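Working notes for the structure below.
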Amino acid sequence: MLNIQSSIRNSYPLIFLFGPTGVGKTALLDTIFHDNYSIINADSIQIFRYLNIGSAKPDESMLSRIPHYLINIRDPYESFSVGDFVHLSDEALVDIRKQNRIPIVCGGTAYYFKHFYYGLPKSPKSSTEVRELIHQRVEKRGANWAYEELMRIDPPSAAKIHPSDIYRVTRALEVYESSGKPLSSYHVPSSPRKGLNPLIIGLQRDKKELHERIEARVDMMIQDGLIEEINSLLEMGATKEWPGMQGIGYREYFSLTETHSFTLSALRDLIIKNSQKYAKRQMTFFRSIDGVNWVHPNDLARIEELLNLYYFEYV
RNA sequence: GCCGCUUUAGCUCAGUUGGUAGAGCAAAGGACUGAAAAUCCUUGUGUCCUCGGUUCAAUUCCGAGAGGCGGCA
């Protein structure tokens with residue numbers, strides 16, 4: 001249908017496809033994006049092996065039908081970060097283009113898209129050891145110490161980060177600890193990386209519709225054996241500290257058993273609630289990305305039209 | 001039928017020694033510098049069940065009624 005190598009702009013087609021959980025990304029891939037497309041997964045939980053049902057990972061048959069990158073590449077106790085995502089995606093991109101196929105970056109992790117699109121800051125990568133060290137200091141010197149320390153070593157970051165945001169305060173301290181330079185000295189890219197020029201498609205449904213789909217999907221997960229999946233992870237030694245266990249569908253199991261309030265229906269309700277809240281957070285992040293073509297997943301005509309307009313520039 | 005408790009934000013409940021009220025959850029919006037399905041921020045007018053009484057003033061006290069829960073019959 002088109003010869004990618006003939007690109008007149010010396011850049012290749014690239015598609016971003018994103019949207020909140022349950023909006024229908026996977027189904028859409030299966031209906032229009034097969035044949036000469038390859039997929040780069042941008043979902044921070046589907047990265048992990050064994051987390052199949054809870055992460056709503058595409059099934060085996062789909063994975064064999066359409067080439068997927070960055071799925072099942074880590075064990076659930078291993079760490080993975082945006083940085084890994086960007087590097088591996090860049091490699092995947094080269095590989096896919098070598099095969100004369102069209103790459104689609106598809107998933108729900110907005111943060112991954114942002115850094116893939118804009119490029120990573122030069123700040124040092126996260127280190128579990130350093131983070132642990134910072135944690136110990138916080139334990140020892142009290143809850144207020146971390147933010148006070150941040151104000152001392154990096155006032156600009158302290159001004160931007162809320163004192164209660166332990167996650168970011170810790171990271172800022174971690175950067176200073178491992179590089180000797182404040183986080184604010186590393187600038188954040190403010191424009192997209194050169195040569196990417198993606199067609200950005202955002203999938204959107206109205207809230208009621210999305211919430212109903214999420215509810216139905218959680219019921220389906222339970223029916224498909226979510227509990228069995230969790231049990232087999234527990235047999236592998238899974239704890240709530242495993243990076244993969246922060247995924248919705250798994251974390252609820254731990255929080256409910258911890259408070260001795262685990263029942264199947266409590267689990268179901270909590271997973272639904274947390275998924276719906278997550279969908280909302282995803283949408284506010286996605287909305288902040290420039291140049292998104294928002295479409296309803298059922299509007300195939302509009303999606304075809306977007307693709308044709310986009311490809312027209314390349315042939 | 002009698003007795004006791006209860007009725008306040010979408011939900012669970014605080015509270016006002018009488019001067020018209022506030023938490024958690026939910027909801028809405030937002031942030032996002034290598035853990036991001038994470039982490040965090042902002043936003044609370046609601047016949048304080050109804051009617052009557054006392055009072056300058058009642059959601060708050062008194063009486064009656066209605067709903068709910070429990071006990072005794």
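A note on names: the letters A, B, ... follow the listed sequences, proteins ahead of strands, and every chain is numbered from 1. This is a predicted model, so every value here is computed, not measured.
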When the [atom1] atoms of [M] and [N] are compared, how many Å lie between them, rounded to an integer?
| N | M | atom1 | result |
| --- | --- | --- | --- |
| B:G22 | B:G44 | C1' | 9 Å |
| B:A26 | B:C11 | P | 15 Å |
| B:C41 | B:G34 | C1' | 23 Å |
| B:G46 | B:U7 | C1' | 15 Å |
| B:C69 | B:A64 | P | 22 Å |
| B:G18 | B:C61 | C1' | 8 Å |
| B:U43 | B:A9 | C1' | 14 Å |
| B:A38 | B:A31 | C1' | 14 Å |

[Y] backbone acceptor or donor facing [X] side chain under 3.5 Å:
| X | Y | answer |
| --- | --- | --- |
| A:E174 | A:S127 | yes |
| A:R101 | A:I96 | no |
| A:Y12 | A:V94 | no |
| A:E229 | A:I53 | yes |
| A:D154 | A:L183 | yes |
| A:D75 | A:E78 | no |

Could you check whether [Y] and [X], counting side-chain N and O atoms only, form a donor-acceptor pair closer than 3.5 Å?
| X | Y | result |
| --- | --- | --- |
| A:H68 | A:Q46 | no |
| A:Q99 | A:D95 | yes |
| A:K57 | A:N72 | yes |
| A:S89 | A:Y112 | no |

Worksheet item: With a 6.0 Å cut-off on ring centres, are A:Y253 and A:F262 close enough?
Response: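 Yes.
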
What is the distance from [atom1] of [X] to [atom2] of [N], rounded to the nearest Å?
| X | N | atom1 | atom2 | value |
| --- | --- | --- | --- | --- |
| A:R281 | B:A28 | CZ | P | 13 Å |
| A:H87 | B:G34 | NE2 | C1' | 8 Å |
| A:R287 | B:C32 | CZ | C1' | 15 Å |
| A:D165 | B:G30 | CG | C1' | 13 Å |
| A:I166 | B:C41 | CD1 | P | 10 Å |
| A:L150 | B:U33 | CG | P | 12 Å |
| A:Y111 | B:G30 | OH | C1' | 17 Å |
| A:K280 | B:A38 | NZ | C1' | 17 Å |

Fill in: 5'-most by nearest nucleotide on RNA chain B - A:I161 or A:Y278
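The residue closer to the strand's 5' end, by nearest nucleotide, is A:I161.
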
Check every strand shown and say whether [X] touches a base, only sugar-phosphate, or nothing at a heavy-atom separation below 4.0 Å.
| X | value |
| --- | --- |
| A:V188 | base |
| A:T109 | sugar-phosphate |
| A:N274 | nothing |
| A:F80 | sugar-phosphate |
| A:K273 | sugar-phosphate |
| A:H211 | nothing |
| A:T284 | base |

Practice prompt. Inspect the contact between A:E258 and A:K240 and indicate whether a charged nitrogen and a carboxylate oxygen are less than 4.0 angstrom apart.
Written response: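 A:E258 and A:K240: salt-bridged.
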
Check whether any side-chain nitrogen or oxygen of [X] sits under 4.0 Å from OP1 or OP2 of [N], and answer yes or no.
| X | N | answer |
| --- | --- | --- |
| A:K114 | B:C32 | no |
| A:S164 | B:C41 | yes |
| A:Y112 | B:A36 | yes |

Worksheet item: Would you say the side chain of A:R168 and the base of B:A36 hold a donor-acceptor pair, judged only by whether the two atoms sit under 3.5 Å apart?
Response: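 Such a pair exists between side chain and base.
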
Discussion item. Whether the side chain of A:K160 and the base of B:U33 hold a donor-acceptor pair under 3.5 Å is what I'd like checked.
Written reply: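 Such a pair exists between side chain and base.
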
Item to complete: Identify whether A:L150 and A:I166 are in the same connected component of the hydrophobic contact network (ILVMFWY, side-chain heavy atoms under 4.5 Å).
Response: no

Response to the item:
What residues 47-57 of chain A contributes to the RNA chain B interface at heavy-atom separation below 4.0 Å is A:G54, A:S55

Fill in: Nucleic acid contacts of residues 234-260 of chain A, taken as heavy-atom distances under 4.0 Å to RNA chain B
A:Q246, A:G247, A:I248, A:R251

Pairing check on [N]: which nucleotide meets the Watson-Crick or G-U wobble criteria with it, both distances under 3.5 Å?
| N | value |
| --- | --- |
| B:U42 | B:A28 |
| B:A64 | B:U50 |
| B:U16 | none |
| B:G4 | B:C69 |

Worksheet item: With respect to the side chain of A:K277, which nucleotide from B:G34, B:A36, B:A26 is positioned closest?
Response: B:A26

Worksheet item: Of the candidate nucleotides B:U39, B:C41, B:C32, which contains the atom at the shortest distance from the side chain of A:H162?
Response: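 My answer, after comparing the listed nucleotides, is B:C41.
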
